[in-house]
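Just below is one structure, and these are the notes that go with it.
Counting starts at 1 for both ligands and their atoms, in listed order.
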Amino acid sequence: MASSPALPPFDPADPLGIDDLLEPEDLAVRGTVRDWAGKRVLPHIAEWYERGELPGVRELARELGGIGALGMSLEGYGCAGASAVQYGLACLELEAADSGIRSLVSVQGSLAMYAVHRFGSEEQKREWLPRMAAGEVIGCFGLTEPDHGSDPAGMRTRARRDGGDWVLDGRKMWITNGSVAGVAIVWARTDDGIRGFVVPTDTPGFSAPEIRHKWSLRASVTSELVLDGVRLPADAVLPGALGLRGPLGCLGHARYGIVWGAMGAARSSFETALEYARTREQFGRPIGGFQLTQAKLADMAVELHKGILLAHHLGRRMDAGRLRPEQVSFGKLNNVREAIDICRTARTILGANGISLEYPVMRHATNLESVLTYEGTVEMHQLVLGKALTGLDAFR
Ligand SMILES: Cc1cc2nc3c(=O)[nH]c(=O)nc-3n(C[C@H](O)[C@H](O)[C@H](O)COP(=O)(O)OP(=O)(O)OC[C@H]3O[C@@H](n4cnc5c(N)ncnc54)[C@H](O)[C@@H]3O)c2cc1C
């Protein structure tokens, strides 16, 4: 097709013109989060990652609250009431900085706050949501246990009635934000089925030792939750959640953010590789001039922007109240898998420099190994889609 002077120029940062689909408010949200991450995360993230710490996490949470990023798409109680697309764009920008920062925000907003917002009593919402939206209280979400990950129905953590109180005993594992949380949403087995509990983390019997020696999500707090006779008042239970549908509903919301977020890590790696390919010379010319490098860059760009389009499509469906869980599985399965692939290809373009923390690609690639596993592994999402396609349940 001949080029026409009326056509907009080709933009390597947005080759499909996806920005044309965004409203001015969407662009404003994206710009705010991108600026924040550029100032507050990017200058420090390699050092935090190397140290395996997220220093100043409470301050970061308050700042994220200040820009409306916590519980962003929830309505009322101090939350920003943003659209699903805007929330997704925020996730993308945060994860372009680091998956650990996006995880902090996802767990706070889409898991802990979402659980209270959707399933909590009016009193629970008033007590917790405004402070969580402001980042004054950090939340965590305890579903996974040492022996029960993909199959949480087998959980052993138990809540029993004792007079008017509830008493919780058990262990949770791999819990993001656990050691820095002021409140934990803990899912436990009761005589009536699985229920969610709002657990202030200063309750006697609760502790959250941090999990060390991770090679992924190093700039993110990950913890075990120990519940040893944790006594809670009757009104600590989330009244609207009974059975696994409760936690799975929260996970659906968080997974949606990951569909966007993963593309942020991929975009950062792609941009790094593109810039490197333009400037790094071998055999007397930039490596971006070799066909094999161009094939890699072209394939990366195709998957990156297809993934963003998919995320945008799912966001529009969520905003219209028409997003099915299987569609979220579709997005999470595709986008995280493709994002890892993009990071690994970017790594090859950077050669030896690709393994250095001077560049973000290896950090993103190792982070995405966690993102591939949490919120439902690749295999779980394949099984969700497989069941939806065939009508046959292959989970067990
Ligand atoms: C950094 C990090 C942060 C996390 N944060 C949280 C958090 O905040 N809250 C929380 O509750 N959890 C959290 N998780 C836990 C995460 O959700 C679980 O790790 C995940 O659900 C997988 O569980 P698992 O690790 O026990 O693996 P398993 O369930 O033991 O699975 C191991 C392997 O077996 C496969 N498998 C299992 N069953 C089947 C089957 N039927 N068919 C085919 N393959 C199967 C899985 O796909 C996987 O490949 C986090 C994990 C990480 C790594």
Legend entry - Proximal atoms of ligand 1 relative to Leu217 (non-hydrogen, under 4.0 Å): 1 (C)
Inset, instruction - Please say whether Phe141 places an N or O atom under 3.5 Å from an N or O atom belonging to ligand 1. - result: yes
Inset, instruction - Report yes if Ala394 has an N/O atom closer than 3.5 Å to an N/O atom of ligand 1; otherwise report no. - result: no
Nearest to [atom], what protein heavy atom do you find, and at what distance?
atom                    : result
atom 2 (C) of ligand 1  : Tyr374 CD2, 3.7 Å
atom 37 (C) of ligand 1 : Met380 CE, 3.7 Å
atom 20 (C) of ligand 1 : Thr373 O, 3.6 Å
atom 18 (C) of ligand 1 : Thr144 OG1, 4.0 Å
atom 27 (O) of ligand 1 : Ser150 OG, 4.2 Å
atom 23 (O) of ligand 1 : Gly149 CA, 3.3 Å
atom 14 (N) of ligand 1 : Trp174 O, 3.1 Å
atom 44 (N) of ligand 1 : Glu379 CB, 3.8 Å

Legend entry - Heavy atoms of other groups near Arg245 CZ, more than 12 under 6.0 Å: no
Inset, instruction - Kindly check if the number of other-residue, nucleotide or ligand heavy atoms within 6.0 Å of CZ (Phe283) is above 12? - result: no
Are [X] and [Y], when compared by the centres of their aromatic rings, separated by less than 6.0 Å?
X      : Y      : answer
Phe270 : His364 : no
Tyr114 : Phe141 : no
Trp174 : Tyr374 : no

Inset, instruction - Measure the spacing between NZ of Lys125 and CG of Leu74 and express it to the nearest 0.5 Å. - result: 10.0 Å
Inset, instruction - Specify side chain, backbone, both or neither for Thr176, according to which of its non-hydrogen atoms lie closer than 4.0 Å to ligand 1. - result: both
Look up [atom] and tell me if a protein heavy atom lies less than 4.0 Å from it?
atom                    : value
atom 40 (C) of ligand 1 : yes
atom 33 (C) of ligand 1 : no
atom 30 (O) of ligand 1 : no

Legend entry - Option whose closest heavy atom lies nearest to atom 53 (C) of ligand 1, chosen from Ala181, Ser370, Ala184: Ser370
Legend entry - Min heavy-atom dist Glu375 to ligand 1 below 4.0 Å: yes
Inset, instruction - Check if Leu383 has a non-hydrogen atom at a distance under 4.0 Å from any atom of ligand 1. - result: yes
Inset, instruction - Answer yes or no: is there an ion pair linking Arg40 with Glu63, defined by an N-O contact shorter than 4.0 Å? - result: yes
Legend entry - Salt-bridge present (Asp147, Arg171; N to O < 4.0 Å): no
Inset, instruction - Assess Arg126 against Trp128: is NZ or CZ under 6.0 Å from the centre of the six-membered ring, and within 45 degrees of the ring's axis? - result: no
Legend entry - Test ring-ring contact (aromatic ring centres under 6.0 Å, His included) applied to His313 - qualifying residues, sequence neighbours left out: none
Inset, instruction - Identify the residue among Arg337, Arg344, Lys214, Arg218 that makes a salt bridge (Lys or Arg N to Asp or Glu O under 4.0 Å) with Glu369. - result: Arg344
